[in-house]
There are 2 protein chains.
Amino acid sequence: MSSELTEPGTGPTGAAPTLSEVAKRAGVSSITVSRVVRMPDLVAPETRARVEQAMRDLGYVPNLVAGALASARTNSVGVLVPTIANSIFADTVQGLSDKLEPLGFSVILAQSRYDAVREDRMLAALLSRRPEAIIMVGSPATEDGTRLLRNARIPIVETWDLPASPIDAVAGFDNYKAGIAVAKHLVAQGRKQLAFIGGDDPRGTRRWLGFRDEALASGLAEPRRLILDRKDSGSVAAHARLPGVDAVFAANDAHAIGFMSGLRKAGVLRDGPASAQPVAVIGLGDLEMGQLISPTLSTISVHGDAIGRTAATLTLERGGERRIDLGFELVLRDSG
Amino acid sequence: MSSELTEPGTGPTGAAPTLSEVAKRAGVSSITVSRVVRMPDLVAPETRARVEQAMRDLGYVPNLVAGALASARTNSVGVLVPTIANSIFADTVQGLSDKLEPLGFSVILAQSRYDAVREDRMLAALLSRRPEAIIMVGSPATEDGTRLLRNARIPIVETWDLPASPIDAVAGFDNYKAGIAVAKHLVAQGRKQLAFIGGDDPRGTRRWLGFRDEALASGLAEPRRLILDRKDSGSVAAHARLPGVDAVFAANDAHAIGFMSGLRKAGVLRDGPASAQPVAVIGLGDLEMGQLISPTLSTISVHGDAIGRTAATLTLERGGERRIDLGFELVLRDSG
DNA sequence: TTGTTCCATGTTAGCGCTAACATGACGTGA
DNA sequence: TCACGTCATGTTAGCGCTAACATGGAACAA
């Protein structure tokens, strides 16, 4: 490639300027330009000024792809979430990138859409970009995915759960115990006919199991379980399918709020406190929205952004505790 | 580097296996392995099978960093949003990655947090990874940012607005007209004292301007404008700061719902239709939540995911219309 | 037979950068 | 004076892969 492609002062022509074009213009070797970019302290002030001027003249933007290949450091992390839209996982992504971006790491984002095949594909796609760590919601759904991650020899952080045998690091909470806590509370409130609504993804299922086990242990009948699509709108109609039920644990706040909307339409929602509700509703996630509606939503509060920030930390430091339980909190408001 | 580092059957040791290690094991040259990965049709079936076996044996994961450098194609797009948490932009990111991921593109995500300095930094960081396109919400806040993008010589898609002189492509809607539409509706409804609540980011400001101009043109007094933090909770208290106001346009649904919550606490929210509301409230975004609360939220409906998918399309095809107005729709429910 | 075409595979060079190791100029203390 | 350290800069090789151009054989028509 001819270096004459780029004429100074005329704006960019064909190709982006390279290190050695900057070097030539500044009258130094390319390694000196590289040092100005990465370790400016090692370069004499006058030389540095000359190089910086040349970079400005040419509009030089370092090529991290080449840099990554040469140095075997990509300064990137792969992030895999089921979905980012309309979900609390966005908080986790926000949290982790707030921590990683200032350190020069880029976030490569992939979505599995709760699909095991797509998850494996995305995992492979992420790994082929040689991220320095992978942060994912949950655990790989397949053996293949697990093997892929295990062989990658980079920090792997599983989040939003506490898997029994994690691949590497974990930042999450105990979904089973969350289910127990909700059931305990509803039993103490004198509720008799419990139900669970939500998806059947691994974490939702663990919430369900804790909820069911505790209800049974308390001598109640087995709670009903209504498996809903991702679309919240399904939960609006859920009430009609749960006759006789006097307490509902929704797998997340969106489902809970949708369900409450159905209750309102059916005329079984009061503006008073939990004790006045014909049907108690508890959510999970503690969306801000839950405090804005009436009645205010009781929920299991989980700090999605703290999970993200903790995951980022686990990514950076290899030593220390690799299993962080961020816990949860039952926040009681007016809905149940 | 010694290729003896990787012993077959013993799991991965030091370094990840390379193309040429696979080639050696399969008894072919490395270009043949490369072809098996990228254009399998060019390789004879028996050879292909042998190579595929070798890849499996070694747990080979292609190194796209090296591939990108050699081919000058990174198969990635940079995406810059103000924030991803708790926001409609998540829909846009979802929409565009749903379109791009199946095509083998990765999404590199960056957040500006509504901060011009951080935006420029993130833009430079994105460009140094040599994405094949940049999709951003809005337009660069600074001249530097604009220049950076202009010189990058890749497709640039600005979204969520219709800038007068875009850098390249646009997928959005007219925020000014949205403001007009809301004001027109409120005037027709007989409201007299309008107010606008929300942020002062460029798009929010354009909504405000349209809203104000239309109110003035209709002979109303200049509407009040309350600039709020990103935190929705601010909008709960907003009512107290707007005495006499009988109609509010909130820059987004989250603010609208927060404001309605404040109205409820103040006892100025009815369960009836819009005409019964002492204070009309219109949002923007059409969150699903708006239909679940009571009264249901009137809003400017904007399809965040369609914006994302359209932006992705603009990224892929260089010809054709480069300015797509996806419009908006005033959806009237019970809040105003 | 002798091109000619096609197919499967190989060789060579280099993408833009950085790690690791020179190099040479200049003090500095004994 | 000179061996030695220090500082600023340079040289060399190579990261793992792919584009572009060979190569050599089989198939086939004239």
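In what follows, every heavy atom counts, from backbone to side chain, and hydrogens, waters and symmetry copies are set aside. Throughout, protein chains are lettered first and strands after them, A, B, ... in sequence-line order, and every chain is numbered starting at 1.
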Using 0.5 Å steps for rounding, measure from the OG1 atom of A:Thr92 to the CD1 atom of A:Ile84.
8.5 Å
With sugar-phosphate taken as primed atoms, P, OP1 and OP2 and all else as base, the protein-contact string of nucleotides 9-14 of chain C at under 4.0 Å (heavy atoms; B, S, -) is BBB--B
How close or far is atom C1' of C:dG16 from atom CG of A:Leu64, stated in whole angstroms?
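To the nearest whole Å, that distance equals 11 Å.
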Can you check the B:Met39 CE to D:dA19 P distance for me, whole Å?
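Atom-to-atom, B:Met39 to D:dA19, this comes out as 7 Å.
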Please report how far the helix from C:dT1-D:dA30 to C:dA30-D:dT1 bends, comparing the axis fitted to its first five pairs with the axis fitted to its last five, to the nearest 10 degrees.
50°
Using side chain to side chain contact (heavy atoms under 4.5 Å, CB included) as the criterion, list what pairs up with A:Arg130, not counting sequence neighbours.
A:Thr74, B:Ala16, B:Val61, B:Asn63, B:Val65
What I want to check is whether the side chains of B:Ser34 and B:Arg38 have a donor and an acceptor closer together than 3.5 Å.
yes
Would you say the side chains of B:Gln53 and B:Arg50 form a donor-acceptor pair under 3.5 Å?
no
With B:Arg322, which residues qualify under side chain to side chain donor-acceptor pair (under 3.5 Å), at least two apart?
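Scan of B:Arg322 (side chain to side chain donor-acceptor pair (under 3.5 Å), adjacent residues dropped) gives B:Asp168.
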Have A:Ser76 and A:Arg129 got a donor and an acceptor in their side chains that come within less than 3.5 Å?
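The criterion, which ignores hydrogens and geometry beyond distance, is not satisfied for A:Arg129 and A:Ser76.
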Mind calculating the distance between CG (B:Leu69) and C1' (D:dT18) to the nearest angstrom?
10 Å
Hey, mind stepping through A:Arg118 and B:Asp98 against salt bridge (charged side-chain N to carboxylate O under 4.0 Å, His left out) and telling me if it holds?
CA-CA 11 Å; A:Arg118 182 161 169 183; B:Asp98 279 350; 3.4 Å; yes
How many Å lie between CG on B:Leu19 and P on D:dG16, as a whole number?
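Rounding to the nearest Å, CG of B:Leu19 and P of D:dG16 are 10 Å apart.
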Is the phosphate of D:dG16, meaning OP1 or OP2, less than 4.0 Å from a side-chain N or O of B:Tyr60?
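False: B:Tyr60 side-chain N/O out of range (4.0 Å or more) of D:dG16 OP1/OP2.
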Nearest-Å distance for atom pair NZ/P, residues B:Lys24 and D:dG16
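Taking atom P of D:dG16 as the reference, NZ of B:Lys24 is at 13 Å.
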Calculate the interatomic distance between B:Arg38 atom CZ and C:dA8 atom C1'; express it in whole Å.
16 Å
Strand contacts (DNA chain C) in residues 121-131 of chain A, 4.0 angstrom heavy-atom criterion:
none
Please give me the minimum heavy-atom distance between B:Leu96 and B:Gly308, naming the atom from each residue.
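Scanning both residues, the minimum pair turns out to be CB-O, 3.2 Å.
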Provide, to the nearest angstrom, the distance between the CD atom belonging to B:Glu21 and the C1' atom belonging to D:dG16.
10 Å
Restricting to side chain to side chain donor-acceptor pair (under 3.5 Å), what partner residues turn up for B:Arg309, sequence neighbours left out?
B:Asp305
Tell me, with the steps shown, if A:Arg113 and A:Asp115 meet salt bridge (charged side-chain N to carboxylate O under 4.0 Å, His left out).
CA-CA 5 Å; A:Arg113 299 299 218 115; A:Asp115 173 337; over 6 Å; no
Between atom CZ in A:Arg73 and atom C1' in C:dC17, what is the gap in whole Å?
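It is 15 Å, rounded to the nearest whole Å.
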Side chains of B:Thr83 and A:Gln94: donor-acceptor distance under 3.5 Å anywhere?
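The criterion, which ignores hydrogens and geometry beyond distance, is satisfied for A:Gln94 and B:Thr83.
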